[in-house]
Structure formats: C-alpha cells, structure tokens
> 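Would you mind keeping the following structure in view while I ask a few things?
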Protein chains: 2
Amino acid sequence: MLSESEYLASYDASRYPSPIVTVDSVLFTLHEQQLCVLLVQRANHPQKGWWGLPGGFIDMQHDASTRATALRKLQEKTGVVPPWLEQLETFSGPDRDPRGWSLTTAWYALIAQESCRSYSGDVSDAAWLPVNTVMQRKDIAFDHQTIITSALKRLRQKTLYTLLPVFCLPERFTLTQLQEATEAILGRPVQRKSLIRRFDSSEMFEETGESVATGARKAKLYRRRKEADVHNFTRNLMPAD
Amino acid sequence: MLSESEYLASYDASRYPSPIVTVDSVLFTLHEQQLCVLLVQRANHPQKGWWGLPGGFIDMQHDASTRATALRKLQEKTGVVPPWLEQLETFSGPDRDPRGWSLTTAWYALIAQESCRSYSGDVSDAAWLPVNTVMQRKDIAFDHQTIITSALKRLRQKTLYTLLPVFCLPERFTLTQLQEATEAILGRPVQRKSLIRRFDSSEMFEETGESVATGARKAKLYRRRKEADVHNFTRNLMPAD
DNA sequence: GAAATAGTGTCTTTTAGACAGTATCGG
DNA sequence: CCGATACTGTCTAAAAGACACTATTTC
C-alpha cells in the first residue's frame, strides 16, 4: 500500500496519454467603427499559412494558469496587456486539430486600437480582420471560426448588461465614442439616453475635466476609475430584436 | 521543407510535456428543500479518502469532447444523464493537483433527486452533501471547493434570468415545487406571482392535465415541452439583495 | 444666426414587487 | 363552513425606449 508521498514520488504524468492542450484568445478591437479580431498567419504546421487565433501551448515552467498563457501570447503579438480578459469556453474533441484529440481553453479580450497600433505594425504576420469578413473566409485554421462566433455571441450578450465596450476605447473617451463602440458590437443603434443613465449609475467612471471638439460642441472626456469593478445591470438593453 | 501530411505523419504528441487534464462536474440536486452536490470519496491517490467532484481523465478512444467525459463520469455515479449540463470554467495551475501542472474543465449539472435515488444508493462511495456544509469541510480534494463555489454562483446568477431550477424537479411538477427549488437555490423567498408570469411567458412548459393534492387545493402538474429551449429573460428577478 | 454635435427632460412601456382577493380542496 | 394551499387581479416601482428639447461650439 503506497502512501500519498510515495505515490507522488513515483508518479510520472508523461506515462499517460494526454490530449493536445492549447490556449487561444479572441482579441477584439474597433477599427473605424468596425469590430475586428486579431488573427495570426500560422508560421508552422499544421495549417501553415492559414489564419488562426493568437495562442499556443502552455509553458508549464512559467505560466501560473491558462490566463497567464493567454496574456503571454497576446503580449507577444501586441506588446501590451488588454484591459479586459475573460475566459470564454474550452473547446475539445478528436477532430478539431489534425494532430489528434485536442483541447483549447479559449479567452476573449478587448483592447483599444490605439494601445497596440505601434506594435502590431512591425509583426507582419498578425492582422486585424473585421469580424464579419472572418465568417466568410475559408482560410481560418482549426475550429477558430466557431470560437470567434462564440466569443462574439458572449461579447454581445454581455454588452446588453454591462458597459464592456469601454474596454475597446482609449484611456480617455467621450460618451459618443462609447455609444459608437456599443453600436459596432451590437450591430444596431442604441438609445444614447439609456447609455448615459447606465454610465452615470454604474459609478465606474470619472470626468477628466477635459473636453474635446469633434466639429461642434465639445464633448467631456471620461476615464475608468481604477478601483471600479465592472457593473452588472439587472436588465438588458433592447430586449426585443 | 515538410508538407502538411509529412508533418502530421511524423508528429508524436507524446513527445511534448503536457499538463494533467481532467474533467469534473458539479451535479446539483434538491434533497428536502436543500441544495446538494454529489461528491465521491476518492478511492485512489492523490488525496485518497477525501471527497472530490465526480470526474476523471478523458478517454480519447471514446469521448468525443469533454462534455462526453463529464456525461460518462456522471452516468457511472448516478446511472442517468442529467437534463441540464453546461460548461462552467476551466481551472488550471501548477499547484491545484500535487502531481503537477494540471487543468480541469469543470461542468455543472442539475438533476431531480428522484431520477438517481435508486442508483446512488448502491454506490457507497458517492454522497449528496448539502452545499452549505461543503463549504465548511476540510476534506475536499484539490480546488474542488473553489469549483463548487463558482458553480453555485453561476447557478444562482442564471436562476435570476432563466427557469433553470426546473431541472432539479421530477418530470411532472407543480408550481410550488418550482418556487421551492428556486428559493432553495437563491437562499431567499421569491414572489410566486413573478415566477408564474415567467413560467407562462416562457412557453417552455405544458399542463399534463393531472393535479396533485398536497393537503389542500390540488395543484396542477406541468412538464417541460420536449422541443422547448431554455428561455432567457431580459431582466433579473430581485435585482436588489 | 445656422448647422452640428453634446447633453437633458419627460412621457411611455415593460415587467418585477407587493399583496389583497378569489378558488378549490379536505375535514 | 373553516383552514389551508393554489392561483389571480391589480396597483406600484424601477428602469429602458422614444423623442423633443436645450446647450455649446464653429462658421
């Protein structure tokens, strides 16, 4: 009869067959009112040359969790850490990767286009593709189209009861920018008044004191309060579709 | 330069180190108005003798996904498939399992106590423990307490905008049973009227035509309509806490 | 002052909360 | 008919939708 410590001393994980484990992220941003996703042209087999989500294998020496893996991979591609990163879902099965039974823990993230513009320029293998064009393409690796669809669905759902779109905006932003981000994500107009009511009651933001001119009356600039958590509203915007 | 097929022919997943991958499920049921979780006394190392969630390794020969693994393991313990099973979250890290860097895709499920009573009796290593007592215990394996807490949070949140508690009820049930299930999950009373309004508007249910006496006026029995999807309401029950 | 964008006021609509009232059953 | 449980009616409250209105800016 082995003791726990004897058992652990003799345990060798590599003796057991294991699925191929990866971590992938769907990083969203806004590019001229268009919701875009970061995709990377695959440098290696399998599906070399096709577009895939930024991600890869867990570095068990350095990653404290799959969140760390996701952040590391995103930082490699964009140079910065996104202000919002949330676990999406784990996709698995024998056929989603030609190498065999595989499993990927997918995350989704939001970032301001400005935060990573400089960096993403010099990595020629990465590109921001508009979400709606991604769905038509035939050169998306593995089941990444499914993952993107799932991420978009989650982002849209969550946009109905949070102010998540702010994470697509620069540090200082106007209400109009928030409205535009929300509309780009949902794909339909929202009532500005409703947005403002939520904005005020969320207590997530503060005025910077500055304002910017965008052609006519100046708009106030706001920023996220550092301590503030994301507020969950108890009803959805626009229940009817 | 390898072609894709040459690459795949020479690829051997077992050469690469991989985390320990498991699938675990939090199966909820109601036992005399109490929300309970199925736990299994661990027969093997590590943490032999401690209580853990029903789960285990993926059988890559037979499981088409981690959902299949979860269902297989639940069926082993209860003899039936739960009417609700949804992916919760994937937990990972170097320290959650003493054998090394590990990852578990956690699911949560709901079932009627009646559906598995006969079976769970003969497996002496499995037990239904009331959720609130589980939190106090010191003999819960790995991070399973964290997983249960997360599942409970999700179940409660979802109970605010769906009628998920019906999946804890037998095939035919009364509105009072639904109310009691909802209250057991949320841990506070709900307005029966609000529940009935949602029940009717969800179009998820149909009358069986029967009714049962529980001491006074007979209550109508309902059942889930087979085709009906779970309805998502656009506002939460009881926003204030 | 006209045009344009920013922001407010306020009425309507929807749906939950509260709770009184009615219905149906066993005794 | 009494008590108990099941169910309904209906008023109130909270927050979103709609949209007219005012404010500020540039020209």
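All chains are named by letter (A, B, ...) in the order of the sequence lines, taking the proteins before the strands, and each is independently numbered beginning at 1.
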> Under the 3.5 Å rule, do the base of D:dG3 and the side chain of B:Arg217 count as making a donor-acceptor pair?
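No pair found.
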> Touch check for B:Ser211, heavy atoms < 4.0 angstrom, all strands: base, sugar-phosphate only, or nothing?
nothing
> Backbone N or O of A:Met135 within a donor-acceptor pair of the A:Gln145 side chain at under 3.5 Å?
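Yes; judged by distance alone, with no hydrogens or angles, the pair exists.
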> Please report the distance, rounded to the nearest Å, between CD in B:Glu207 and P in D:dC7.
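The answer, rounded to whole Å, is 9 Å.
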> Which nucleotide in the list C:dT5, C:dG17, D:dT10 gets nearest to the side chain of A:Ala216?
C:dT5
> To the nearest Å, give me how far apart CZ (A:Arg192) and C1' (D:dA16) are.
17 Å
> Does the ring of A:Phe205 carry A:Arg225 above it, NZ/CZ under 6.0 angstrom from centre and within 45° of its axis?
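Not flagged: A:Arg225 not positioned over aromatic ring of A:Phe205.
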> Whole-Å distance between C:dA6 P and A:Lys220 NZ?
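Going from A:Lys220 (NZ) to C:dA6 (P), I get 13 Å.
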> For a quick check of understanding: with a heavy-atom distance under 4.0 Å over all strands, which category does B:Arg198 fall into, base, sugar-phosphate or nothing?
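Here B:Arg198 touches the backbone only, sparing every base.
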> Specify the angle, to 10°, made by the local axes at the two ends of the helix from C:dG1-D:dC27 to C:dG27-D:dC1 when five pairs are taken at each end.
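Terminal axis comparison yields 10°.
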> Please state how far atom NE2 in B:His231 lies from atom P in C:dT15, giving the value in whole angstrom units.
9 Å
> Run the ring-centre check on B:Phe142 versus B:Phe91 and record whether the distance is less than 6.0 Å.
no
> Without placing hydrogens or testing angles, list every side-chain donor-acceptor pair under 3.5 Å for residues 156-165 of chain A, not counting sequence neighbours.
| residue | atom | partner | partner atom | Å |
| --- | --- | --- | --- | --- |
| A:Arg156 | NE | A:Ile185 | O | 2.7 |
| A:Lys158 | NZ | A:Glu86 | OE1 | 3.3 |
| A:Lys158 | NZ | A:Glu86 | OE2 | 2.9 |
| A:Thr159 | OG1 | A:Leu155 | O | 2.7 |
| A:Thr162 | OG1 | A:Lys158 | O | 2.6 |
| A:Thr162 | OG1 | A:Leu164 | N | 3.2 |

> Base, sugar-phosphate or nothing for A:Ala219? Non-hydrogen atoms, less than 4.0 Å.
sugar-phosphate
> Does a side-chain heavy-atom distance below 4.5 Å link B:Arg96 with B:Ile147?
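Yes, side chains in contact.
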> For B:Ser201, report the nucleic acid contact type (base, sugar-phosphate, nothing); a contact means any heavy atom under 4.0 Å.
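B:Ser201: no heavy atom of the nucleic acid under 4.0 Å.
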> Apply the ring-ring contact (aromatic ring centres under 6.0 Å, His included) test between A:Trp84 and each candidate in A:Trp107, A:Phe28, A:Phe167; give the one that qualifies.
A:Phe167
> With a non-hydrogen cut-off below 4.0 angstrom, is B:Lys193 in contact with a base, only sugar-phosphate, or nothing?
base
